[in-house]
Amino acid sequence: MEDRLTIAGEALRSRLILGSGGFRSLDQFERAIRASGAELVTVALRRVEQAPGGLYEAIERAGCRVLPNTAGCFTARDAVATARLAREAFQTSWVKLEVIGDRRTLLPDAVELLQAAETLVGEGFTVLPYTNEDAVLARRLEDAGCAAVMPLGSPIGSGLGIRNPTAIEMLRQAVGVPVILDAGIGTASDAALAMELGCDGVLSATAIARARDPERMARALRLAVEAGREALAAGRVPRVDHVARASTSDAGLPDLTPA
Amino acid sequence: MEDRLTIAGEALRSRLILGSGGFRSLDQFERAIRASGAELVTVALRRVEQAPGGLYEAIERAGCRVLPNTAGCFTARDAVATARLAREAFQTSWVKLEVIGDRRTLLPDAVELLQAAETLVGEGFTVLPYTNEDAVLARRLEDAGCAAVMPLGSPIGSGLGIRNPTAIEMLRQAVGVPVILDAGIGTASDAALAMELGCDGVLSATAIARARDPERMARALRLAVEAGREALAAGRVPRVDHVARASTSDAGLPDLTPA
Amino acid sequence: MEDRLTIAGEALRSRLILGSGGFRSLDQFERAIRASGAELVTVALRRVEQAPGGLYEAIERAGCRVLPNTAGCFTARDAVATARLAREAFQTSWVKLEVIGDRRTLLPDAVELLQAAETLVGEGFTVLPYTNEDAVLARRLEDAGCAAVMPLGSPIGSGLGIRNPTAIEMLRQAVGVPVILDAGIGTASDAALAMELGCDGVLSATAIARARDPERMARALRLAVEAGREALAAGRVPRVDHVARASTSDAGLPDLTPA
Amino acid sequence: MEDRLTIAGEALRSRLILGSGGFRSLDQFERAIRASGAELVTVALRRVEQAPGGLYEAIERAGCRVLPNTAGCFTARDAVATARLAREAFQTSWVKLEVIGDRRTLLPDAVELLQAAETLVGEGFTVLPYTNEDAVLARRLEDAGCAAVMPLGSPIGSGLGIRNPTAIEMLRQAVGVPVILDAGIGTASDAALAMELGCDGVLSATAIARARDPERMARALRLAVEAGREALAAGRVPRVDHVARASTSDAGLPDLTPA
Amino acid sequence: MRVVINGAERELPDGARVSDALRAVGVRADERGVAVALDAEVLPRAGWEETTIPDGARLEIVRATAGG
Amino acid sequence: MRVVINGAERELPDGARVSDALRAVGVRADERGVAVALDAEVLPRAGWEETTIPDGARLEIVRATAGG
Amino acid sequence: MRVVINGAERELPDGARVSDALRAVGVRADERGVAVALDAEVLPRAGWEETTIPDGARLEIVRATAGG
Amino acid sequence: MRVVINGAERELPDGARVSDALRAVGVRADERGVAVALDAEVLPRAGWEETTIPDGARLEIVRATAGG
């Protein structure tokens with residue numbers, strides 16, 4: 001059987017989820033989608049005057065599925081209303097739930113987030129909440145019926161990678177639903193680390209869209225996610241401190257001392 | 001033109017170099033070679049009574065080239081003599097030069113290493129020295145005519161990864177010859193990081209050979225090296241501290257406040 | 001004017017708060033109190049059969065004040081009831097509010113914690129909540145009227161220090177009330193770092209009580225907290241990457257080349 | 001008996017060594033000396049036209065001893081000649097031996113350094129070499145008769161702290177002479193960490209001289225060095241990963257459930 | 001009558017339908033990936049043709065945009 | 001009558017006071033740093049002497065213990 | 001005569017060649033990846049057949065083994 | 001005669017002593033913390049008064065300066 005990321009019973013063809021924000025052109029975006037191999041691509045909803053159009057079509061052309069987010073919402077109420085609009089617009093019950101608590105750091109608001117999750121689950125949504133690295137909150141979100149949890153590695157767009165690997169590991173151990181590392185990924189090694197910590201997938205927007213060469217970074221992250229997943233499955237060697245462990249035996253060392 | 005690791009004018013088909021030490025069986029070793037995609041595979045020289053045989057043939061069967069090392073040598077004199085034996089045994093002038101200064105940590109001895117390198121270069125060897133993360137010593141080894149330098153990320157077999165990324169970056173900037181990260185790699189993210197720091201390749205022995213599933217870890221490291229290389233070329237986003245950078249614009253946010 | 005930690009209008013004589021748990025003897029505990037210079041010492045409430053007695057007296061003998069905690073509570077209701085008992089027992093309205101969400105990691109439960117804080121503030125308590133490194137939750141606790149916030153550096157008793165300095169700095173910038181680094185401190189450098197990150201104080205239990213020599217570690221942490229506070233006020237030099245900045249000028253270097 | 005840093009049989013009254021470079025004024029420098037509590041203060045030698053004078057007197061006024069360095073030397077020959085001049089100028093056989101290998105990073109040159117050390121030891125100098133974090137080179141310097149070794153934490157003036165604690169610990173275990181952490185200290189927690197790793201002392205120039213308030217940073221580092229030393233002696237608690245260790249027992253937890 | 005579409009006041013003929021509002025902001029009625037909220041309630045596509053807009057109503061007409 | 005003190009069933013004379021319960025668990029009435037909850041409600045020290053314990057009541061008698 | 005092969009004393013007929021020594025340790029003369037040092041000097045394969053081993057000589061016969 | 005003091009050419013009377021050179025760069029002969037190298041060799045203070053400077057000699061006169 002294949003090793004695929006399965007959310008709410010649906011097996012995805014990639015463990016990398018692509019964020020559509022920050023690309024310099026639609027063409028560049030489409031090339032990045034293909035290079036990433038992603039199946040899910042996040043989008044936001046905005047008034048038509050500010051939303052050029054063509055994005056949704058581009059995503060479908062690439063054979064991908066839209067994962068609407070609730071970016072910009074600061075209350076459970078707004079997030080819920082936005083999720084409902086998205087369901088109507090894209091005919092999908094999946095939503096990346098964002099309820100922000102602070103404009104400067106864009107960190108999630110635990111209380112509003114949980115409340116919004118409960119409401120949306122009650123309305124039949126498949127909820128993927130963007131959350132902090134808090135194992136207890138993650139368990140509560142799972143208990144509320146969320147289909148996955150999306151902890152941040154570091155602030156959105158910061159490129160700081162995973163600032164607290166211990167917390168991500170504890171969160172991973174605390175829940176049964178898939179864990180998607182969201183926010184903070186800056187480059188390939190960050191994505192590989194996320195998978196090695198036990199995450200089931202990685203979402204990347206900024207790291208790809210704002211790289212000098214987005215298409216190439218998309219490929220890099222696709223490879224890194226695979227690499228990290230393989231490494232986890234392979235069972236890494238233990239870390240040993242302060243001493244080396246020879247990879248060559250001394251047995252049979254020739255004696256080459258001149259007479 | 002292709003992006004290949006080129007040492008002493010020879011373009012290799014992989015940036016991953018495989019160490020042959022530590023595998024549980026020859027069969028497991030051969031599967032790992034194939035999964036790694038490596039072209040160069042290190043071997044040591046030992047008295048025939050302690051060296052089962054078949055290893056050299058296995059490496060050639062896999063279409064790989066032998067890179068003999070001087071593991072176990074604590075003086076320039078022994079390392080030079082061992083390199084000469086290796087040249088005769090394998091008809092190759094390439095040598096991974098190891099001159100160890102301490103049995104416990106297996107750290108290299110800067111002085112003996114440089115002396116051995118000078119002698120071997122003088123005798124026409126293609127010298128790849130295993131060295132510490134010292135940019136100045138690396139420059140001296142390059143000046144002595146070494147074809148590449150192989151700084152350690154952490155002690156041999158420790159699996160601690162790259163303990164001093166700053167030092168590796170400074171070393172990378174200090175020399176023109178290829179830099180191969182040697183020793184310390186524990187898992188995929190370590191290998192990706194090495195490449196992101198600007199290394200031209202990675203050598204792994206323990207991480208693969210002693211993983212629970214060596215074949216799978218070999219594939220993981222192959223992917224990770226590619227991923228890190230791609231990421232470097234893609235030009236990562238800058239790190240920003242303490243603030244987030246929204247990947248979704250607020251422009252056109254709908255007003256969903258109930259009347 | 002003096003630089004003192006002031007909580008709810010009361011200036012304390014030390015920025016180090018001592019936890020009373022884990023000492024091997026009452027005598028050892030009293031020596032540690034004196035060495036720490038702490039004014040506040042945390043205690044828990046337990047049934048008299050399991051609580052030997054003498055602890056409260058020892059703390060008063062040392063001229064310190066008791067800071068009762070609600071350790072062991074998993075719901076807002078239990079924490080509130082425990083705080084009320086503590087107020088009656090020690091005639092203090094101060095409480096270190098703990099509402100745990102998970103037995104294994106002892107991480108706080110954001111939702112129950114906030115709820116308990118609101119109730120207790122409403123009843124006139126001076127609430128110091130043990131919280132995670134979440135800047136948004138910290139702001140909410142401040143808005144609820146908490147007198148300080150006590151973010152964890154790493155899990156209680158882990159000795160892992162501050163796993164996410166970035167988060168602590170963001171939290172520090174998000175609130176106006178004093179920030180006391182609680183949980184995770186393992187040794188002096190951890191305490192110094194906490195203060196350098198802008199924390200107003202440090203609480204330590206395990207690091208002192210379970211050190212080989214608690215009295216000495218108490219002195220070490222007292223010095224470290226002072227050192228970190230001084231360093232913050234002194235304004236550290238900026239970090240510069242990959243290049244050195246000479247601390248000695250080359251101007252006037254003598255020419256000592258032999259003729 | 002007292003716990004004092006003893007080099008070449010001389011017990012110093014402080015484990016903090018002060019570098020005299022980078023201060024904005026002589027007055028500021030003198031206040032920093034006093035606040036630091038240092039006994040040894042490094043100086044360089046320059047042509048009188050470029051060396052204002054008064055520095056030596058200031059150091060003696062403060063009751064301190066001069067530790068001349070060989071800053072600016074790139075060869076063993078120049079370093080040796082400079083050390084001889086210093087011995088004549090200050091009537092001291094002590095020298096902080098610097099032989100730089102690269103202008104940009106100011107990293108030491110292992111080969112020239114060792115050679116200079118051998119010569120100076122032969123001439124009766126008390127040699128304190130500024131070296132890299134290489135345990136093997138440190139052992140060689142000790143074998144050559146150096147009275148202490150001064151590994152760098154990170155490049156001179158970088159303020160990056162200790163980039164490779166593992167290497168410093170290995171170095172500490174490799175030699176018997178005092179280890180003084182030199183270069184890279186940025187703030188108090190760095191100095192405390194150095195001592196916790198087993199270093200016998202810390203040298204700081206830039207961190208103090210270029211802080212916004214040098215006198216205050218001098219006091220901070222003095223406290224931090226003490227704190228780190230005490231913490232090492234106190235025997236820190238072990239680090240435990242992924243689980244908490246309660247500092248409060250649950251035994252005797254009251255049952256406060258309403259009827 | 002006056003209605004507010006995406007935050008801007010507009011004059012529409014009395015009895016105008018939601019589909020008219022869509023036309024007014026240049027959205028083809030058959031464009032996919034579009035949603036409408038009438039006075040903060042989602043109005044399913046099926047209702048666009050029939051639903052007449054009450055005077056003073058607030059309409060939000062949105063579509064997909066780039067977002068992380 | 002039977003009451004539960006700190007989780008253990010005990011027999012006390014009818015009309016026993018809270019102070020009797022304290023004595024029963026070996027706590028001097030004047031010991032500082034002690035608190036009592038009667039059926040999950042805090043009972044202030046002032047009330048210990050007078051308050052008679054209802055039959056079947058649940059008492060929690062606590063004091064300070066080491067805690068982080 | 002007595003020679004030392006890979007650290008072990010052995011008796012070989014006078015005038016024995018290096019190739020005899022190889023045989024003595026079970027190495028086929030045509031095995032690739034083998035090298036010989038005669039008294040700490042590399043002896044090229046070409047010389048194995050002709051070279052007679054001096055009495056008391058020290059031979060090292062090595063092949064590839066697993067190594068990092 | 002011409003000598004080079006701290007890198008600069010200077011004219012000194014024939015038979016000038018090292019102490020004259022010190023005076024020439026404004027260093028009091030009794031100033032502590034000063035050292036002199038004559039043609040790259042350290043010249044101990046004791047010799048400053050007597051030693052005459054050879055024509056074309058190179059003198060380095062140094063003192064303590066701030067240094068890490």
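Hydrogens, waters and symmetry mates play no part in the numbers below; they use all other heavy atoms, side chains included. Values in this document were obtained by computation on a predicted structure and should not be read as measured data. A, B, ... follow the sequence lines: proteins, then strands. Residue 1 opens every chain.
Across all non-hydrogen atoms, the minimal contact from D:Leu106 to C:Arg245 is CD1-C, 4.4 Å. Counting all heavy atoms, side chain and backbone alike, D:Glu230 lies closest to C:Ala220 at CB-CB, 3.6 Å. Nearest heavy-atom pair, D:Pro254 versus C:Arg47, reported as atom, atom and distance to 0.1 Å: CA-NE, 3.9 Å. When every heavy atom of D:Ala233 is checked against every heavy atom of C:Arg216, the shortest pair comes out as CB-CZ, 3.4 Å. Taking every heavy atom of both residues into account, C:Ala188 and D:Ala227 meet most closely at CB-O, 3.7 Å.
Looking at D:Glu226, both its backbone and its side chain come within 4.5 Å of chain C, counting heavy atoms on both sides. Heavy atoms of D:Ser20 lying under 4.5 Å from chain C are absent altogether. Only the side chain of C:Arg103 comes within contact range of chain D, with heavy atoms under 4.5 Å apart. Looking at D:Leu232, the atoms closer than 4.5 Å to chain C (heavy atoms on both sides) all sit in the backbone: N, CA, C or O. Proximity to chain C (any heavy atom under 4.5 Å) is restricted, for D:Arg219, to the side chain, taken from C-beta onward. Contact of C:Pro238 with chain D is made through the backbone alone, with heavy-atom distances under 4.5 Å. Only the side chain of D:Arg77 comes within contact range of chain C, with heavy atoms under 4.5 Å apart. There is no contact between D:Ala191 and chain C, counting heavy-atom distances below 4.5 Å.
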Decide side chain to side chain contact (heavy atoms under 4.5 Å, CB included) for D:Ser158 and C:Asp241; before the verdict, give the C-alpha distance in whole Å, the side-chain angles of both, and the deciding distance to 0.1 Å. CA-CA 7 Å; D:Ser158 69; C:Asp241 243 323; over 6 Å; no
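No other option in D:Leu221, D:Val48, D:Val237, D:Leu85 has as many heavy-atom pairs under 4.5 Å with chain C as D:Val237. Among the candidates D:Asp250, D:Ile156, D:Asn69, D:Thr248, the residue making the largest number of heavy-atom pairs closer than 4.5 Å to chain C is D:Ile156. The candidate with the highest count of non-hydrogen atom pairs below 4.5 Å against chain C, out of D:Ala205, D:Ala44, D:Ser249, is D:Ser249. Looking only at heavy-atom pairs under 4.5 Å with chain D, the residue among C:Ala244, C:Gly21, C:Ser247 that has the most is C:Ala244. The candidate with the highest count of non-hydrogen atom pairs below 4.5 Å against chain C, out of D:Asp190, D:Leu253, D:Asp78, is D:Leu253. Annotation: maximal heavy-atom pairing with chain C below 4.5 Å, among D:Ser189, D:Ala209, D:Ala194, D:Gly186, occurs at D:Ser189. Ranked by heavy-atom pairs shorter than 4.5 Å toward chain C, the options D:Thr105, D:Leu45, D:Ile100 are led by D:Thr105.
To the nearest 0.5 Å, atoms CD1 (C:Ile185) and CZ (D:Arg236) are separated by 10.0 Å.
Residues C:Arg222 and D:Leu223 form no side-chain contact, since every pair of their non-hydrogen atoms from C-beta on lies 4.5 Å or further apart. Side-chain contact between C:Arg239 and D:Ser154: absent, with no pair of heavy atoms (C-beta onward) separated by less than 4.5 Å.
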